[in-house]
**Student:** 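This is the structure I want to talk about, given as structure tokens.
Quick note: numbers below take in every heavy atom, side chains included, and nothing from hydrogens, waters or symmetry partners. Note that the structure is predicted; figures quoted are calculated from it, not measured. Chain letters run A, B, ... following the sequence lines, proteins first and then strands; every chain starts at 1.
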Amino acid sequence: MVNYWLMKSEPHVYSWAQLVKDGSTHWDGVRNYQARNIMRDEMALGDKVLFYHSNCKPPHVAGIARVCREAYPDFTAQDIYSKYFDPRASPDNPRWMMVDIEPVSELETIRLPDLRANGALDGMPLLRKGQRLSVQSVSEEHFQIVCAMGGISKI
DNA sequence: GCCAACGTTGGC
DNA sequence: GCCAACGTTGGC
């Protein structure tokens, strides 16, 4: 069974264009337990992902990606030179996990205000006030609606 | 740049 | 285990 997710990235840190250029990437730097648990326990190979650009004007969904490797230790937590270094992480207890994703399809930019304006997306976690989770669930229905808004009819 | 919302830390 | 203080996220 395929599940659907949304992953946030600040475009000046790691953008959709960079993902396309790289072909795939490891989703390092998640330091929130809820987001980690989703990646560790729920994300499976082939799951679809809305790639969301946060902290930019306007915030928007930029593309569709896919999980191409399931959870494994986020090695940046054990790299003292990484800004994501966590002294509590060790080989025995890596503490933080990541998945790999790869691009599937570019979307016409879907701005947050347009998502908010679409009543069919009522209840989407992303649109809840104060929602900060960087990895979050999306229902299949909402996922398909967003794809349609971005010019992709069926994925 | 502001600040509301939320998560984490650590003293007690 | 509570909760105040603090740090971060991210829309605006």
**Student:** Return the value, rounded to whole Å, for the distance between atom CZ of A/Arg116 and atom P of C/dG11.
**Tutor:** 8 Å

**Student:** How would you label the contact of A/Arg128 with the nucleic acid (heavy atoms, under 4.0 Å): base, sugar-phosphate, or nothing?
**Tutor:** nothing

**Student:** Judged by each residue's nearest nucleotide on DNA chain B, which is more toward the 5′ side, A/Arg88 or A/Gln131?
**Tutor:** A/Gln131

**Student:** Tell me which pairs pass ring-ring contact (aromatic ring centres under 6.0 Å, His included) where either residue lies in residues 121-142 of chain A, with sequence neighbours left out.
**Tutor:** none

**Student:** Regarding A/Arg36, tell me which of base, sugar-phosphate or nothing describes its non-hydrogen contacts under 4.0 Å with the strands shown.
**Tutor:** nothing

**Student:** Cut-off 3.5 Å, side chains only: do A/Tyr33 and A/Arg40 have a donor facing an acceptor?
**Tutor:** no

**Student:** Could you state the atom-to-atom distance from OH of A/Tyr33 to P of C/dT8 in whole Å?
**Tutor:** 15 Å

**Student:** Check every atom of B/dA4, B/dG7, C/dG11 against the side chain of A/Lys129 and return the nucleotide holding the closest atom.
**Tutor:** B/dA4

**Student:** Write down the distance between CZ (A/Arg95) and P (B/dT8), rounded to a whole number of angstrom.
**Tutor:** 10 Å

**Student:** Starting at NZ of A/Lys83 and ending at P of C/dG7, how long is that distance when rounded to a whole Å?
**Tutor:** 18 Å

**Student:** Starting at atom CZ of A/Arg111, determine the distance to atom C1' of C/dG11, rounded to an integer number of angstrom.
**Tutor:** 16 Å

**Student:** Nearest whole Å is fine: how far is C/dG11 C1' from A/Lys57 NZ?
**Tutor:** 10 Å

**Student:** About how many Å separate CE of A/Met39 and CH2 of A/Trp96, when rounded to the nearest 0.5 Å?
**Tutor:** 9.0 Å

**Student:** Below the 4.0 Å mark, does C/dG10 have OP1 or OP2 next to a side-chain nitrogen or oxygen of A/Lys8?
**Tutor:** yes

**Student:** In this structure, how many angstroms lie between the P atom of C/dG11 and the OH atom of A/Tyr52, rounded?
**Tutor:** 4 Å

**Student:** May I have the distance from A/His53 (atom NE2) to C/dT9 (atom P), rounded to whole angstrom?
**Tutor:** 17 Å

**Student:** Would you say A/Arg31 places a side-chain N or O within less than 4.0 Å of OP1 or OP2 belonging to C/dG7?
**Tutor:** no

**Student:** With respect to the phosphate group of B/dC3, does any side-chain polar atom (N or O) of A/Arg132 fall under 4.0 Å of OP1 or OP2?
**Tutor:** no

**Student:** Begin with the C-alpha distance, continue with both residues' side-chain angles, and end with the deciding distance and a verdict on salt bridge (charged side-chain N to carboxylate O under 4.0 Å, His left out) for A/Asp74 and A/Arg31.
**Tutor:** CA-CA 10 Å; A/Asp74 180 342; A/Arg31 297 294 178 269; 2.9 Å; yes

**Student:** Roughly how far, to the nearest 0.5 Å, is OG of A/Ser24 from CD of A/Glu102?
**Tutor:** 7.0 Å

